Amino acid sequence: MSEQSQLDPNTYDVHGVQDKWLPVWDELAPFKSGRADDARPTKYVLDMFPYPSGDLHMGHAEAYALGDVIARYWVHQGFNVLHPIGWDAFGLPAENAAIKRGENPQTWTYENIEMQKSSMRRYACSFDWDRVMNTCDPAYYKWNQWLFLKMYERGLAYRKDSAVNWCPSCQTVLANEQVVGGLCERCDSAVTKKKLNQWYFKITDYADRLLDDMSQLEGQWPEKVLLMQRNWIGRSKGAEVSFEIEGRAEPVVVYTTRPDTLFGATFFVVAADSDLASELATGTESEVAFNEYLEGVKAISEMDRLATDRPKSGVFLNRYAINPVNGERIQIWASDYVLADYGTGAIMAVPAHDQRDLDFAKKFDLPIRVVVESETDPAVTGQATADDGAHINSGPLDGLGKHEGIEKMIEILAERKLGTPATNYRLRDWLISRQRYWGTPIPIIHCPSCGEVPVPLDQLPVLLPDASDLDLSPKGTSPLGAADEWANVPCPKCAQPARRDTDTMDTFVDSSWYYLRYLNPQLDTAPFETAEANKWLPVDQYVGGVTHAILHLLYSRFFTKVLFDMGMVNFEEPFTRLLNQGMVVMDGSAMSKSRGNLVRLSDELADNGVDAIRLTMVFAGPPEDDVDWADVSPHGAKKFLARAWRLSGDVTSAPDVDFANGDLTLRKATHRAVADAQLAVETYRFNVAVARTMELVNVTRKAIDTGCGGADPAVREATQAVAIMLSLVAPYTSEEMWERLGHQPPMALAPWPIVDPGLLVEDSVQCVVQVNGKIKERLEVSPNISQDELRELAMGQASVIAAIAGATPKVVVVRQPKLVNVVLG
RNA sequence: GCCCCUGUAGCCCAAUCGGUUAGAGGCACACGACUUAAAAUCGUGCCAGUGUGGGUUCAAGUCCCACCAGGGGUACCA
């Protein structure tokens, strides 16, 4: 009571309730999930953890408001909910900010984390604050290194030379996701390729499982995300076929999805930038022309390469391959339309049935042979035909359709040992090396005599050297390379002078397993405890932006499968349900300073308070849709909260009053509202749940003012239901209402109202009687009227008899209790 | 180019299974109350036939086909 006296009981004080309840919640810790004696069933709600670049913004406000609805709902439903938060704290922005301001990336990062943490507390996120962790803590990245070494042991971490994305301005490699339209996402320079020796995770070993296990996620993840992952993995089935090359001892293998069109292969193309192309060109009269062409190809920027309507180019190598099924001598060309790193880097070209091959054939006047019957002639129309049809000009395949043709050809090739069935993937291994400072050092030591030597597990973590002694500005090699004292160490095997690997890991490694670290963020003997993992995981509900639809979610799924194979977890998919929230935009476009449409979260919170902003986010529309701040009304949300709050002051019955004697109409409305809201929350229609709550507030207001009055027990029942439903989105208002209603905090732990099915049943429902679909009569009938009874009743109505006018009904459709339709001839 | 999603009042959005006269909620607007007045607040009210054209059905916002518009994904993957 002493606390309440600080607030004016007649005025809804937005900031007053925040200041009042925040310390109380800190004290009561209603969302603590680690108690050993907790017998409640478990749920794990996970929000994608934030990157600590400055304070929270509108996007965070939306995402965390949505995750909170689910977490708080499950708590009210009696679950022991694990809802943790941490920071994805390694990464380039910290390094860039440090370079710009001359600060230490570590200082910058931890300052931002503290700022975000305090904003989140005030925003009343239902996090378990005992489980906080940051990926840049040595206690965390130690286990990145441990996992890396376990992967290395299993042959899943390896080094290779490869052409990687390189930004000549930033002087660093870029991940695929940092190349936008061929340009560096930060400085807009044209990205080039550079051959470097880098570390990779062998995610391609898991391609089939990553693809096939998606069937478990069907219906639980957005269809769009599953589709994007399927496309990204890009499994295709076909065959590998050997072609003899004149003047070369070894045959060359090509991959094709259409082995049935082999009789239509009229030339052969190798990727211009492949080793094979150079080898075939060397010593021929085309060598000079080829080298010129290759230089030209290398000079083309990534951006230009992406142009789809680029004309085909290439050079004849003056070499010939032999078509294995018909013995034909076919020309070998080099071109950049064949990719060196997909399949075998060489193809059989079937111009009649592949558009790219046809474009090439027409440009260089190469032969075109139709082998699958179609109405149009590709050579004339310029359109390759890929439809099913009968094979022609194909010897033993003649007359067969596409599917049988493929099978038959594979059979023939196998018999003659010229080919085998084969599967190819678009997915590439995951390049994890970064030439950056602010990341996890790769725990490998390079020894001149022993080669790659893993850092012994008992010497982990390999700590980052102090940034203040290093030049972090981009210069094309890792800043760690300059830390000689750090890098020069004796080889763990032979004790001779050796050198640490100076690259750091991609930060996607950090986020691939953080959901397991929350179980025991302080644990010093393992990344996590298997028993705890099997108790809490897989995550029941994951919430985050669709921007991570492919990379983060694919990598996390990969890690989980590796951990499963290592026997460390007993599940193979980490996230059971996934919700992708939309973005917060302004006037239809993404907010940005340069556009001048930035809405500051701190301003919005100051004007309307935490609850109103959370409510606005949730009520704006379906959670997957973008919230356009121009279309919503935080002020309206605040008004509604005041309206709801006012109810709690008008309830005059005692807290323990028996609802059974309350006004029946209001009781029914309450139970209907709770039942609807419950269903809406469970099906992600949070905006609808809010609308139901608003409706109940309106009905209760009327009951108090012009109906049964504030003393009726039903008014208390309704108002308490409002408070609980509201606690999913507006925890401060809800807690305040709960106290005014005579209850103890924390209201977050109050049980969800139990719906009485008896109160959902109506005494009577309206039934329409149609004749030929036109409404002739409305009847009040019992909800459990029988089909025959209703038919009889309807057919007896004067208006219906008049409308039928003596005709014989063709059919009478009865959908009791709501509809009868009499259909005349 | 290919693939996917979405089109409901001025605006944001609702509408288990196909089933009453499409409307739960909100914004905006109009009017009324309060006020010297205005703002704020409270109350009352208003508006579309579901992008277009076909089809299936006794019955279509809901299912099917085509087109149009908007949004997203992808980029020569053989």
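Residue numbers begin at 1 in each chain, while the letters A, B, ... track the order of the sequences. Predicted model, so just to flag it, every value in this text is computed and none were measured.
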Sugar-phosphate, base or nothing in reach of Gln770(A), heavy atoms under 4.0 Å: base
Under 3.5 Å: donor-acceptor pair, side chain of Lys363(A), backbone of Lys312(A): yes
Side chain proximity check, Val325(A) to Asn323(A), heavy atoms < 4.5 angstrom: yes
Separation between the C1' atoms of C29(B) and C12(B), rounded to whole Å: 15 Å
Sorted by number, the residues of residues 344-352 of chain A with heavy-atom contact under 4.0 Å to RNA chain B: Ile347(A)
Footprint string (nucleotides 38-50 of chain B, 5' to 3'): B base within contact, S backbone only, - free, heavy atoms under 4.0 Å: ---SSSS------
C58(B) and C42(B), which share atom name C1', separated by this distance in whole Å: 49 Å
Residue whose nearest RNA chain B nucleotide is more 5′ - Pro622(A) or Asp341(A): Pro622(A)
Atom pair CE/CG of Met583(A) and Asp625(A) - distance to nearest 0.5 Å: 11.5 Å
Listed partners of Asp341(A) passing salt bridge (Lys or Arg N to Asp or Glu O under 4.0 Å), at least two apart: Arg428(A)
Touch class at under 4.0 angstrom, heavy-atom based, for Phe619(A) against every strand present: base
Sugar-phosphate only, base, or nothing, as touched by Asn821(A) at under 4.0 Å among non-hydrogen atoms: base
Enumerate the protein-to-nucleotides 15-17 of chain B contacts in which both atoms are nitrogen or oxygen and the separation is below 3.5 Å.
| residue | atom | partner | partner atom | Å |
| --- | --- | --- | --- | --- |
| A15(B) | OP1 | Arg685(A) | NE | 3.2 |
| A15(B) | OP1 | Arg685(A) | NH2 | 3.1 |

Any donor-acceptor N/O pair under 3.5 Å between C58(B) base and Lys810(A) side chain: no
Span that lies between the P atom of C4(B) and that of C67(B), in whole angstrom: 13 Å
Nucleotide paired to G70(B) in any strand shown, Watson-Crick or G-U, under 3.5 Å: C5(B)
Interatomic distance, Leu210(A) atom CG to Ile203(A) atom CD1 [nearest 0.5 angstrom]: 5.5 Å
Rounded distance in Å between the P positions of G61(B) and U50(B): 7 Å
Between G55(B) and A60(B) - P atom distance, rounded Å: 12 Å
Summary of salt bridge (charged side-chain N to carboxylate O under 4.0 Å, His left out) pairs that have at least one residue in residues 670-696 of chain A, sequence neighbours excluded: Arg672(A)-Asp676(A), Asp676(A)-Arg692(A), Arg692(A)-Glu695(A)
Sugar-phosphate only, base, or nothing, as touched by Asn698(A) at under 4.0 Å among non-hydrogen atoms: sugar-phosphate
P gap between C47(B) and A9(B), integer Å: 15 Å
Spacing between Leu554(A) atom CG and U74(B) atom P, to the nearest angstrom: 13 Å
C1' atoms of G51(B) and C68(B), separation to the nearest Å: 7 Å
Sugar-phosphate only, base, or nothing, as touched by Thr693(A) at under 4.0 Å among non-hydrogen atoms: nothing
OP1 or OP2 of A78(B) under 4.0 Å from side-chain N/O of Tyr342(A): yes
Side-chain N or O of Ser633(A) closer than 4.0 Å to phosphate OP1/OP2 of C12(B): no
Touch class at under 4.0 angstrom, heavy-atom based, for Gln766(A) against every strand present: base
Met228(A) CE to C5(B) P, straight-line distance once rounded to whole Å: 14 Å
Rounded distance [0.5 Å steps], CD1 in Ile330(A) versus CZ in Phe267(A): 9.0 Å
Spacing of Asn580(A) atom CG and Thr547(A) atom OG1 [to the nearest 0.5 Å]: 8.0 Å
Same-atom distance (C1') from A48(B) to A22(B), integer angstrom: 9 Å
Separation of atom CD in Gln816(A) from atom C1' in U20(B), rounded to whole Å: 16 Å
Test item: Gln383(A) side-chain N/O and Pro378(A) main-chain N/O as donor-acceptor pair under 3.5 Å: no
Atom-to-atom span, CD of Glu223(A) to P of C3(B) - whole angstrom: 16 Å
Main-chain N/O of Ile613(A) paired with Asn608(A) side-chain donor or acceptor, under 3.5 Å: no
Residue met sooner reading RNA chain B from 5', once Asn231(A) and Val632(A) are mapped to nucleotides: Asn231(A)
Check: Leu211(A) main-chain N/O paired with Arg235(A) side-chain donor or acceptor under 3.5 Å: no
Where the chi angle of G49(B) falls, syn if within 90° of 0 and anti if not: syn
Residues that Lys668(A) engages under salt bridge (Lys or Arg N to Asp or Glu O under 4.0 Å), provided they are two or more places apart: Asp763(A)
Side-chain donor-acceptor pair present, Asn424(A), Ser236(A), cut-off under 3.5 Å: no
Separation of C12(B) P from Glu624(A) CD (nearest whole Å): 17 Å
